[in-house]
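Structure record follows, encoded as structure tokens.
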Amino acid sequence: MGRFISFLQELSCFVSRCYEVVVNIIHQLAALYNSNKGATKIIESSGVHFQIVYEHLGELLVVLLTLDEIMENHGTLKDHWKMYKRLLKSVHHNPGKFSIPEDKLKPFEKLLLKLEGQLLDSMILQRFDDPGEGVAVAKNSAFAEEFAVNIRTIFTNIESKIGEPSEIDQRDKYAGVCGLFVLHFHIFRSVDKKFYKALLDVCKKVPAVTLTANIIWFPDTFLIAKVPAAAKLMDKKNLQGIRAQRDTYLQQRAQTLTKDVQSYYVFVTSWMMKMESILSKEHKSDKLAEDLNSRCNVFVQGILYAYSISTIIKTTMNMYMSMQRPMTKTSVKALCRLVELLKAVEHTFHRRSMVVADSVSHITQQLQSQALNAIGMAKKRVISDKKYSEQRLDVLSSLVLAENALNGPSTKERRLVISLALCVGTQLKTFKDEELLPLQLVLKKLDLISELSERVKLQCDCSFLYWHRAVFPIYLDDVYDNAVDAARIHYMFSALRDSVPSMLHAKHMESGDQLLESYDKEIMDVFNEHLLDKLCKEIEKDLRLSVHTHLKLDDRNPFKVGMKDLAHFFSLRPIRFFNRFIHIKAYVTHYLDKTFYNLTTVALHDWATYSEMRNLATQRYGLTMTEAYLPSQTLEQGLDVLEIMRNIHVFVSRYLYNLNNQIFIEKASNNKHLNTINIRHIANSIRTHGTGIMNTTVNFTYQFLRKKFYIFSQFMYDEHIKSRLIKDIRFFRETKDQSDQKYPFERAEKFNRGIRKLGITPEGQSYLDQFRQLISQIGNAMGYVRMIRSGGLHCCSSAIRFVPDLEDIVNFEELVKEEGLSEETQRAASVLDSVLGDLTSNSAEGTEYFKMLVAVFAPEFRSAKNMHLRNFYMIVPPLTVNFVEHSISCKEKLNKKNKSGAAFTDDGFAMGKWT
């Protein structure tokens, strides 16, 4: 509010200046039309009517009236003003706390009172009771009569045009007439009841007039409030009927909006075609006048359409808002279509602006020529009459002045001079009736054509949409549902951009940019929510369902569920909004690229599906998708060595080892695929982490083996197992000569079955099954160590493959020193030599991890306290029988529908048994 005070002060100065101008004009007119016969006459004014002056005076009164309405409708401003005054009182009681000098407070408070009285009390238009000293105005009957005549004349001219297709600014002039009527009442205190009734009757045709943006003005309310004396004389039922007409008007408008849209759609499109065809044609010298005339008519028709459409939109929207009536979705969509048509008119003028500008200069010259011809004929008529009088001389002078003004550029000042001159020049019947009307029409056209660009900009301005932003989501939903004509969205964004200049002049914020940012964010959030995000999800859903048609997820028959062709959105040009371009095609492409890439990284096995969806997006929607390059050009690493090392106990139990191919295969998975780990994966992992990881991994694995060997020892030490094994050893020794040193199969099978009597786990496994699993896990761990060694050799050989001869590697450090290169180069050469040395030794030797294992565990196993482990050889036959039965069972499950527990390899057992 503090920032706003300076603006209110400027506004106060402007209003004061308006008062001065109004009073000055009233004084001048009163001096011109003086009923005092003794007063000096400036010109003979008996037949002169300066109607144009009254029209401009009316426009100025409409400005003041608009300010009154803005203040009246701005509840926030009034509330904040009260709070600001309250704050000022607290400052007044304790000025020291706010570091404000006390002598400055009183003048400031006086200023606030003045501003409140002048601006905020909605009394701006009621301060003309006393037009000032010096000129007798109120008792000047001649001026009062002249004033009333001019108001009636203006009203008669506009009344017939209001609501007609040819209406262009009659509503604004009607507001001016009402202002003039009120001014006349305040000055002369007399009311023409008949004229007052005629003014009110117009309200039945025009229940409200939009003054600016969202400020709507009800003429009946204004006239009753400002001229209460006349209102008392009126029939109350008549006044109530006028007020009830507002609701009737809205109901009729809601019913006819769709028809209006259809008819205006035809009018505007045909007008656009006329514009294109007329402006594309070249001038023909023999038909130049006819061509210019047709161009002039087309330009004027465009302004008329723009005015009619603009009036419908503003009046309907603002009346719904002012009267707080709900608007149907159909009405909202229809109004948005009208906004598009309005911007289409503007864009047509803008698109052909070069040709239009060229045509305008020629058309103005032609119109000036026509006006000059008419005035020339009248001038001849005046000159031919030889009777001399001052009045005739005034007429002749005014006609000459009009001619001089027409001979030159058609500026606003010159056209005003022409109008004023003709007010004097048309008396004494200098013009015949059939000449005067065409002249007035030519001058009206001249006004329109000279201000063509300003008029188009004014009539097509959609800044009022800032106060009706609630319609935007409904509009976007409609565009999304009817994607065929999606290109119309450009017009709506152009309309939303119209409010930017007004926002930049905002005074209540530090910078207009803050308001712009919040507006920009709000519009973009709505646009994302109601169009872009919906479009992205619908496209993604369509691609998914198309790729997965074999799953038969739902009925996609277009004859049953309908079909929406969203490809139209991707043929749109980028939409300009503020300082950015919104490219729908690029936005959706980026969304799909991002989604497909992220989902592929989560589940690499789906890369083929997403690749297919990418191709489909290109074929169906013309989207230029980015290739994700997943997983084909990433390092094929599988499970990381570090990850396996940390979870070695989980790894050995969940993976099966294949001895021939040196590969680990996952036992079971919830996905469609089983993970595998081979030498290449390990080599890539070592390449990632460095060769130092190998020794750490092996050490970790051997610590794990130590725990497993402890369980192994406990099993072998068990009394039941040990006694059975000793019994079998004795039997074997007794019968080995007869059985040719072979252990009988029946005995092994009997052992396997007999051990089940000791107990079974809930999963149905015997102790021997568990022991087999333990041996397999030990074997898996050993297989992993073997794979680590192979992976290390693979990694080293890959790294050193560019060295031509491993047995004859030159010393780079010596070569660099011989060349006398810098120290940095020598150090680099030294590092290279050491790297090559390490790689050569690693690739040549490798590390014999199994020998290390034997060296560590053999002495312990052979010690006296582990004598029971020597019986292990005797459990091998039943253990082998158990493994064979298990292996056959797993392979049989491969052919079954339920493949739970199926496997084709488990060489971990062989590896573990050998260990």
Side-chain angles (χ1 to χ4, degrees), residues 25 28-37 39-58 140-161 166 170 173 177 180 192 195 198 366-408 410 414-448:
I25 289 173
Q28 288 190 45
L29 290 170
L32 200 59
Y33 301 96
N34 201 333
S35 55
N36 186 357
K37 291 179 182 178
T40 314
K41 281 200 173 184
I42 301 158
I43 61 166
E44 181 55 54
S45 58
S46 56
V48 179
H49 303 294
F50 287 108
Q51 190 178 318
I52 188 75
V53 176
Y54 290 93
E55 285 179 9
H56 281 75
L57 181 59
N140 188 340
S141 57
F143 176 46
E145 184 57 36
E146 178 63 22
F147 202 141
V149 165
N150 277 286
I151 296 175
R152 282 195 207 95
T153 309
I154 297 168
F155 179 69
T156 307
N157 290 341
I158 63 173
E159 187 188 17
S160 58
K161 292 281 181 74
S166 59
Q170 278 75 18
K173 284 186 177 176
V177 167
L180 287 170
D192 183 345
F195 183 58
Q366 187 197 33
L367 291 170
Q368 284 171 334
S369 168
Q370 290 173 5
L372 281 168
N373 289 339
I375 291 170
M377 286 169 67
K379 198 170 82 171
K380 281 178 188 175
R381 207 172 284 131
V382 174
I383 293 169
S384 64
D385 194 342
K386 300 298 181 187
K387 289 178 185 175
Y388 172 79
S389 70
E390 278 190 23
Q391 195 175 3
R392 198 170 292 283
L393 187 62
D394 287 343
V395 169
L396 188 59
S397 303
S398 66
L399 292 175
V400 170
L401 179 61
E403 277 187 328
N404 292 339
L406 280 166
N407 281 314
S410 179
R414 280 175 178 267
R415 293 197 310 277
L416 185 60
V417 168
I418 294 163
S419 299
L420 287 167
L422 288 177
C423 288
V424 178
T426 50
Q427 58 180 325
L428 298 177
K429 294 187 177 178
T430 48
F431 290 91
K432 293 178 182 176
D433 288 343
E434 63 268 16
E435 291 173 356
L436 192 57
L437 283 171
L439 178 62
Q440 288 172 345
L441 186 63
V442 164
L443 291 175
K444 184 70 178 170
K445 277 187 181 178
L446 188 62
D447 273 344
L448 288 174

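The structure presented is a predicted model; accordingly, all values stated were derived computationally and were not measured.
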Closest heavy-atom pair and its distance - Leu443, Ala371: CD2-CB, 4.4 Å

Interatomic spacing from CG in Leu399 to CG in Asn404 - rounded to 0.5 Å: 11.0 Å

Heavy-atom side-chain contact between Leu422 and Ile375 under 4.5 Å: yes

Pairs where residues 434-447 contributes a residue and the test salt bridge (charged side-chain N to carboxylate O under 4.0 Å, His left out) is met, not counting sequence neighbours: Asp169-Lys444, Arg381-Glu435, Arg415-Asp447

Salt bridge (Lys or Arg N to Asp or Glu O under 4.0 Å) involving Glu159 - partner list, sequence neighbours excluded: none

Contacts of type ring pair (Phe, Tyr, Trp, His ring centres under 6.0 Å), residue Tyr54, not counting sequence neighbours: Phe147

Qualifying residues under side chain to side chain contact (heavy atoms under 4.5 Å, CB included), relative to Asp192, sequence neighbours excluded: Arg152, Lys194, Phe195

Step-by-step side chain to side chain contact (heavy atoms under 4.5 Å, CB included) determination, Gln28 to Val53: CA-CA 11 Å; Gln28 288 190 45; Val53 176; over 6 Å; no

Partner residues of Leu437 under the side chain to side chain contact (heavy atoms under 4.5 Å, CB included) criterion, sequence neighbours left out: Gln440

Least distance between heavy atoms, Val48 atom then Tyr33 atom: O-OH, 2.7 Å

Summary of side chain to side chain donor-acceptor pair (under 3.5 Å) pairs that have at least one residue in residues 416-433, sequence neighbours excluded: Gln391-Gln427

By side-chain hydrogen bond (donor to acceptor under 3.5 Å, both in side chains) - contacts of Glu403 (at least two apart): Lys379

Residues forming a side-chain hydrogen bond (donor to acceptor under 3.5 Å, both in side chains) with Glu146, sequence neighbours excluded: His49, Asn150

Heavy-atom donor-acceptor pair, Asp394 side chain to Val424 backbone, under 3.5 Å: no

Non-neighbouring partners of Asn373 that pass side chain to side chain contact (heavy atoms under 4.5 Å, CB included), sequence neighbours left out: Ser369

Stepwise side chain to side chain contact (heavy atoms under 4.5 Å, CB included) check, Asn157 with Gln51: CA-CA 11 Å; Asn157 290 341; Gln51 190 178 318; 3.2 Å; yes

Residues in side-chain hydrogen bond (donor to acceptor under 3.5 Å, both in side chains) contact with Glu145, at least two apart in sequence or another chain: none

Which residues share a side chain to side chain contact (heavy atoms under 4.5 Å, CB included) with Ser397, sequence neighbours left out: Leu393

